[in-house]
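In the text below, chain A, chain B and the rest are named by the order of the sequence lines, each starting its count at 1.
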Protein chains: 6
Amino acid sequence: MFSVTVRDHIMIAHSFRGEVFGPAQRLHGATFLVDATFRREQLDDDDIVVDIGLATQELGALTGELNYRNLDNEPEFAGVNTSTEFLAKVIADRLADRVQQGALGEGARGIASISVTLHESHIAWASYERAL
Amino acid sequence: MFSVTVRDHIMIAHSFRGEVFGPAQRLHGATFLVDATFRREQLDDDDIVVDIGLATQELGALTGELNYRNLDNEPEFAGVNTSTEFLAKVIADRLADRVQQGALGEGARGIASISVTLHESHIAWASYERAL
Amino acid sequence: MFSVTVRDHIMIAHSFRGEVFGPAQRLHGATFLVDATFRREQLDDDDIVVDIGLATQELGALTGELNYRNLDNEPEFAGVNTSTEFLAKVIADRLADRVQQGALGEGARGIASISVTLHESHIAWASYERAL
Amino acid sequence: MFSVTVRDHIMIAHSFRGEVFGPAQRLHGATFLVDATFRREQLDDDDIVVDIGLATQELGALTGELNYRNLDNEPEFAGVNTSTEFLAKVIADRLADRVQQGALGEGARGIASISVTLHESHIAWASYERAL
Amino acid sequence: MFSVTVRDHIMIAHSFRGEVFGPAQRLHGATFLVDATFRREQLDDDDIVVDIGLATQELGALTGELNYRNLDNEPEFAGVNTSTEFLAKVIADRLADRVQQGALGEGARGIASISVTLHESHIAWASYERAL
Amino acid sequence: MFSVTVRDHIMIAHSFRGEVFGPAQRLHGATFLVDATFRREQLDDDDIVVDIGLATQELGALTGELNYRNLDNEPEFAGVNTSTEFLAKVIADRLADRVQQGALGEGARGIASISVTLHESHIAWASYERAL
């Protein structure tokens with residue numbers, strides 16, 4: 001199995017609801033390093049998993065939808081906690097849609113799965129992995 | 001599949017028995033960065049894999065049992081080499097026990113597997129993964 | 001010249017005023033890795049620059065004053081942009097006060113200068129250095 | 001499942017053929033950090049996955065075959081793009097051969113799979129994983 | 001003293017002349033992580049050292065002049081070894097020119113010095129620092 | 001001012017004397033990442049600060065004198081605490097001797113200063129800098 005990973009980052013504000021979150025129930029923020037991994041069994045005709053330029057560009061477009069925002073005000077996230085693991089799934093699902101729409105090129109249709117890891121600090125990170 | 005990882009570290013002394021270890025048969029030591037990963041299929045009612053505060057606290061309690069010690073003198077490790085991979089299993093098994101005892105909260109009972117990675121330097125690390 | 005550095009982190013929300021900041025004028029947030037460095041010419045009687053335990057504890061107390069907050073609402077920061085470089089100075093100045101008050105121990109009175117580096121992402125960081 | 005990883009690096013020149021590569025069609029180069037991971041279900045009689053000294057030595061021998069070279073001139077890579085993911089497979093396959101030849105010791109015959117990750121920068125990396 | 005650093009990277013081919021370089025006399029390549037640091041005594045009217053967006057953009061323009069190239073073919077580097085430390089100076093000098101031309105904004109005219117660090121691997125890096 | 005840095009590491013056991021060290025008074029250990037930096041005003045005739053191969057080799061020889069040892073048993077360290085900052089000075093002084101003996105080549109005689117940084121974990125490190 002082959003994989004390729006590209007890294008970007010976002011800087012957002014948000015707050016959490018639930019006693020489990022302690023002081024993180026207050027409005028605060030985070031820098032998330034965003035690692036998007038694409039996996040497949042065989043390389044394409046160019047001997048690659050995915051066009052790393054297109055992958056970086058598409059990831060950048062998706063992180064641009066979240067970057068420099070207060071996620072508490074985004075209607076799509078109403079009623080959920082935008083935890084690190086939840087946001088990893090949001091980005092993975094959107095990337096999967098882009099692959100299926102052909103935005104990462106015809107060769108990328110061979111991608112079997114995607115995983116997204118968000119690093120919230122040097123001592124904590126979270127991931128979501130899904131099939132395509 | 002979702003995952004959350006938290007990092008801690010320990011500083012221990014130990015020695016190894018067996019020619020394969022060369023100069024590491026002498027009493028020496030290591031800083032181990034300890035990454036504990038919790039995996040599950042679905043997020044809990046708070047939209048998280050595990051309470052990251054409790055996970056950090058429990059990992060800290062377990063690393064505290066090993067930290068600042070000469071592992072050659074710990075009765076529980078008599079007769080084995082406390083290699084990086086062996087210690088990864090020790091911590092993973094203890095964490096699994098804590099999850100099953102409810103120490104990471106009721107929501108954490110949905111955790112499917114745990115892996116622990118110990119980094120012994122910038123150029124070598126080892127892991128152990130197990131189901132819960 | 002000797003130095004010792006300890007690392008902590010904070011997760012805050014804030015916004016900036018001024019066209020130069022572009023989309024960062026919106027309410028967003030950041031994880032800042034906070035590296036505090038203490039410098040001196042000679043080691044103290046214990047052969048150290050500073051008690052690393054006390055240094056970590058005092059840095060943790062200072063980062064605790066900022067952590068999980070919206071800095072736009074903190075009266076002490078009214079009228080300024082809480083840029084990465086500005087916050088580095090805030091923490092360095094507060095640490096300097098603590099050293100001078102004796103909070104890092106009598107031995108720490110020999111500390112000659114302090115610098116604080118805040119990493120806002122894997123591709124950007126800022127520092128402030130001052131004499132004591 | 002246990003694993004052990006060791007890191008080395010290579011510095012090579014190469015170029016790519018195919019419009020998808022844009023400016024990387026020109027002769028350029030890369031430092032690849034090379035992480036080789038060995039996995040197995042049970043530790044061997046020395047309580048390890050593999051002799052980390054031998055693993056480092058064998059990985060070094062393999063990276064030495066590629067290091068400080070223009071891969072465009074290597075006959076074995078004629079007609080393919082030496083992409084990061086392709087090179088990960090080259091190194092993984094060669095390591096697998098070495099394990100099967102007994103070069104990593106008798107104990108290493110229990111290794112179940114190998115994966116190799118090549119980091120081409122702080123924002124992009126690729127992997128290949130295979131059974132033994 | 002305040003500083004701000006931004007990171008970019010380049011991937012180049014080159015070779016060295018001189019026995020001291022051993023196998024690096026062959027055509028090979030490198031990924032250089034490029035860290036550009038701007039220092040000044042006082043923050044500007046926006047409470048910053050430099051507009052981090054402009055700094056990133058200008059650094060990107062300068063690295064774009066070197067990226068994906070065989071430096072052996074660049075007339076400007078004829079007769080010198082494009083060592084890591086030499087390239088750090090090239091980029092620092094060009095950045096200094098850009099600051100003096102006003103490309104980093106009027107506020108950036110207060111910048112007192114620039115340093116550039118190039119990481120050629122996880123175990124070797126080089127820097128050049130100069131006044132403005 | 002130019003600089004070049006090379007990284008190695010050591011794994012040692014030791015203990016500390018003095019109440020300030022708390023649990024670190026027990027025999028424990030550490031992995032120290034060892035970064036050695038060489039600084040000079042002008043590059044030598046090969047356009048470098050120092051032969052990076054020789055620098056790596058000499059640093060390796062010096063770390064080999066400490067590696068896989070219990071520092072409590074080394075006569076040269078009797079009566080002192082082998083703190084991270086103390087060990088940084090030990091290695092810097094020994095490197096300086098080697099430069100002055102010509103072990104890093106004739107070109108290296110232009111080196112103006114040396115600094116050594118020891119990372120004891122991901123959250124603590126120490127340095128010593130001296131003129132040559």
Side-chain angles (χ1 to χ4, degrees), chain B residues 5-36 56 59-75 77 81-88 116-126, chain F residues 5-36 56 59-75 77 81-88 116-126:
Chain B
T5 304
V6 293
R7 172 170 285 186
D8 199 341
H9 76 286
I10 55 174
M11 305 180 82
I12 58 87
H14 62 167
S15 63
F16 297 133
R17 290 168 308 162
E19 280 181 32
V20 70
F21 295 104
Q25 294 175 87
R26 299 197 297 252
L27 182 64
H28 63 287
T31 305
F32 291 116
L33 306 194
V34 182
D35 299 340
T56 299
L59 179 61
L62 293 180
T63 55
E65 296 171 3
L66 301 171
N67 206 7
Y68 293 123
R69 279 181 172 76
N70 177 359
L71 301 186
D72 292 356
N73 292 341
E74 299 295 306
F77 301 137
N81 284 310
T82 53
S83 66
T84 310
E85 45 271 53
F86 174 85
L87 290 171
V116 169
T117 299
L118 264 64
H119 301 256
E120 69 175 61
S121 75
H122 60 310
I123 55 169
W125 52 96
Chain F
T5 303
V6 292
R7 171 170 285 187
D8 199 342
H9 75 286
I10 54 173
M11 304 180 81
I12 57 88
H14 62 169
S15 63
F16 296 132
R17 290 168 310 162
E19 280 182 31
V20 69
F21 294 103
Q25 294 175 85
R26 300 197 296 252
L27 182 64
H28 63 288
T31 305
F32 291 115
L33 306 194
V34 181
D35 298 340
T56 300
L59 179 60
L62 294 179
T63 55
E65 296 171 3
L66 301 171
N67 206 7
Y68 292 123
R69 277 180 173 76
N70 177 358
L71 301 186
D72 291 355
N73 292 341
E74 299 294 307
F77 302 137
N81 284 310
T82 53
S83 67
T84 310
E85 44 271 53
F86 174 85
L87 290 171
V116 169
T117 300
L118 265 64
H119 301 257
E120 68 175 62
S121 74
H122 61 309
I123 56 170
W125 52 97

Are there donor-acceptor pairs under 3.5 Å across chain B and chain F? List atom names and distances.
residue	atom	partner	partner atom	Å
I12(B)	O	G29(F)	N	3.3
R26(B)	NE	Y68(F)	O	2.9
R26(B)	NH2	N67(F)	O	3.2
R26(B)	NH2	Y68(F)	O	3.4
L27(B)	O	N70(F)	N	3.3
G29(B)	N	I12(F)	O	3.3
T31(B)	N	T31(F)	OG1	3.0
T31(B)	O	T31(F)	OG1	3.4
T31(B)	OG1	T31(F)	N	3.0
T31(B)	OG1	T31(F)	O	3.4
T31(B)	OG1	E120(F)	O	2.8
N67(B)	O	R26(F)	NH2	3.2
Y68(B)	O	R26(F)	NE	2.8
Y68(B)	O	R26(F)	NH2	3.3
N70(B)	N	L27(F)	O	3.3
E120(B)	O	T31(F)	OG1	2.8

Requested in this report: Check each atom of L33(F) against the heavy atoms of chain B and say whether the ones under 4.5 Å are side chain, backbone, both or neither.
Outcome: side chain
Query raised in the report: Is chain B contacted by the side chain of L71(F), its backbone, both, or neither, given a heavy-atom distance below 4.5 Å?
Result: neither
Query raised in the report: If you measure from CG on L66(F) to CD1 on I10(F), what distance do you get to the nearest 0.5 Å?
Result: 5.0 Å
Report task. Please report the shortest heavy-atom distance between L27(F) and A13(F), naming the atom on each side. Result ->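 What the structure gives for the nearest pair is CD1-CB, 4.3 Å.
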